[in-house]
Amino acid sequence: MTNEDKSMIGTDYLTQSDAVKQRFDRLKNREVILEVKGLNKIYKTAKGETTALKNINFKTHRREFVCVIGPSGCGKSTLVRILAGLESYNGGEALLDGKPITGPGRDRGMVFQGYTLFPWRTVKENVMFGLQMNNITTNEAAREADQWLDLVGLEKFANAYPHELSGGMKQRVAIARALVNQPRILLMDEPFGALDAQTRCKMQTHLLEIWRNIDITIVFITHDLDEAIFLADRILVLKAHPGEVMELIEVPVPRPRSVDQLFSPEFLATKARLEALIHPKQETDTNEIPIQQRMLRFVDVTDNVE
Ligand SMILES: Nc1ncnc2c1ncn2[C@@H]1O[C@H](COP(=O)(O)OP(=O)(O)OP(=O)(O)O)[C@@H](O)[C@H]1O
């Protein structure tokens, strides 16, 4: 344990080292890229109304990395779809560079959990697609696609087809394809959710490396507490039914991040706070039937597996 570790013992997630504090001061001085003000979303169905988002407020600064976390049904996907311009909303505002979001646009790149590559196009052709849709010549698109494939470390796979790639590689192509139009903001909805733990970990480090090297602001949806703390500057914590902001947490873990920090006092303190917000301890319900009594017996009582 280093002296710095020792000095952080007993601190909570609100305690920031001087370096972290200064970083947040710099970050908050940067221009606001995304501003969400009093945003509401109500879904109307035959069964009634669901308030998916209620009075959501937050700002994201240039080159900030924001994670959005919360229990199932808290409106994470709804929020990201509204920001992408794929979903309408019922009041409030969502502003990108001060302008209302009214539909999809080149200023936003999207990466989803499912692999959304065109299977009949090569890796490079997948990345070129967005550019060609914007009337950029094939030669120019090919040159730019090469640069982005280089950035995500897939230059050697330019002529491969999606089915020849691993899950992590497919998501790297998806990131290159989302970045090729040089959006202001990258919206990522559980992009690593389908990957195995080891690949997921590598992709997180890789994404931080990409983010460090380019001028991009990231809004990243996740279920995973470790992933949120590892990646984010700030974490927007939502609650469900209705989807509301519980807290916007400034992650006190210094940058650059590495897996060695997963058990640092700041990391664990932040995780404890997220656990308390997202999985609060339930009061014991005295009316609840003990689990053993609820289970059907499928085996003979004498057949003891232990
Ligand atoms: N198209 C829709 N029509 C009706 N209700 C919807 C629709 N999409 C989402 N909802 C409801 O809105 C609420 C928020 O859903 P949303 O999918 O945004 O949550 P989420 O936090 O992304 O959930 P998960 O983590 O399970 O993906 C939920 O109660 C959901 O049932």
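Remember, it's 1-based here, ligands and their atoms both numbered in the order they're listed.
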Closest approach of any protein heavy atom to atom 24 (P) of ligand 1, naming residue and atom: S72 OG, 3.7 Å
Atoms in ligand 1 flagged as close to T45, the criterion being non-hydrogen separation under 4.0 Å: 4 (C)
Residue, atom name and distance, where the atom is the protein heavy atom closest to atom 25 (O) of ligand 1: K76 NZ, 2.8 Å
Mutual orientation of the aromatic rings belonging to F220 and F65 [parallel < 30°, tilted 30-60°, perpendicular > 60°]: tilted
T78 N/O to ligand 1 N/O under 3.5 Å: yes
Best match, G73, A240, P242: closest heavy atom to atom 20 (P) of ligand 1: G73
H241 heavy atom under 4.0 Å from ligand 1: yes
Close N or O approach (H223, ligand 1; < 3.5 Å): yes
Residue selection (non-hydrogen contact nearest atom 21 (O) of ligand 1) among G75, G243, G193: G75
Any donor-acceptor N or O pair under 3.5 Å, side chains D189, S77: yes
Heavy-atom side-chain proximity of T199 to S166 below 4.5 angstrom: no
Test item: D150 and D146 side chains (from C-beta on) under 4.5 Å apart, heavy atoms: no
E31 atom CD, neighbour heavy-atom count above 12 within 6.0 Å: yes
Nearest protein heavy atom with distance in Å, relative to atom 6 (C) of ligand 1: Y43 CD1, 3.2 Å
Protein non-hydrogen atom found under 4.0 Å from atom 30 (C) of ligand 1: no
Whether over 12 other heavy atoms sit under 6.0 Å from K239 NZ: yes
Any side-chain donor near an acceptor of the partner, N181 and N134, under 3.5 Å: yes
Protein heavy atom at shortest distance from atom 27 (O) of ligand 1: S77 OG, 4.1 Å
Non-hydrogen side-chain atoms of Y43 and E49 separated by less than 4.5 Å: no
Under 3.5 Å: N/O of C74 near N/O of ligand 1: yes
Qualifying residue, where the test is side-chain contact (heavy atoms from CB on, under 4.5 Å) with C201 and the options are D226, V259, L195: V259
Contact check: T50 vs ligand 1, nitrogen or oxygen atoms, below 3.5 angstrom: no
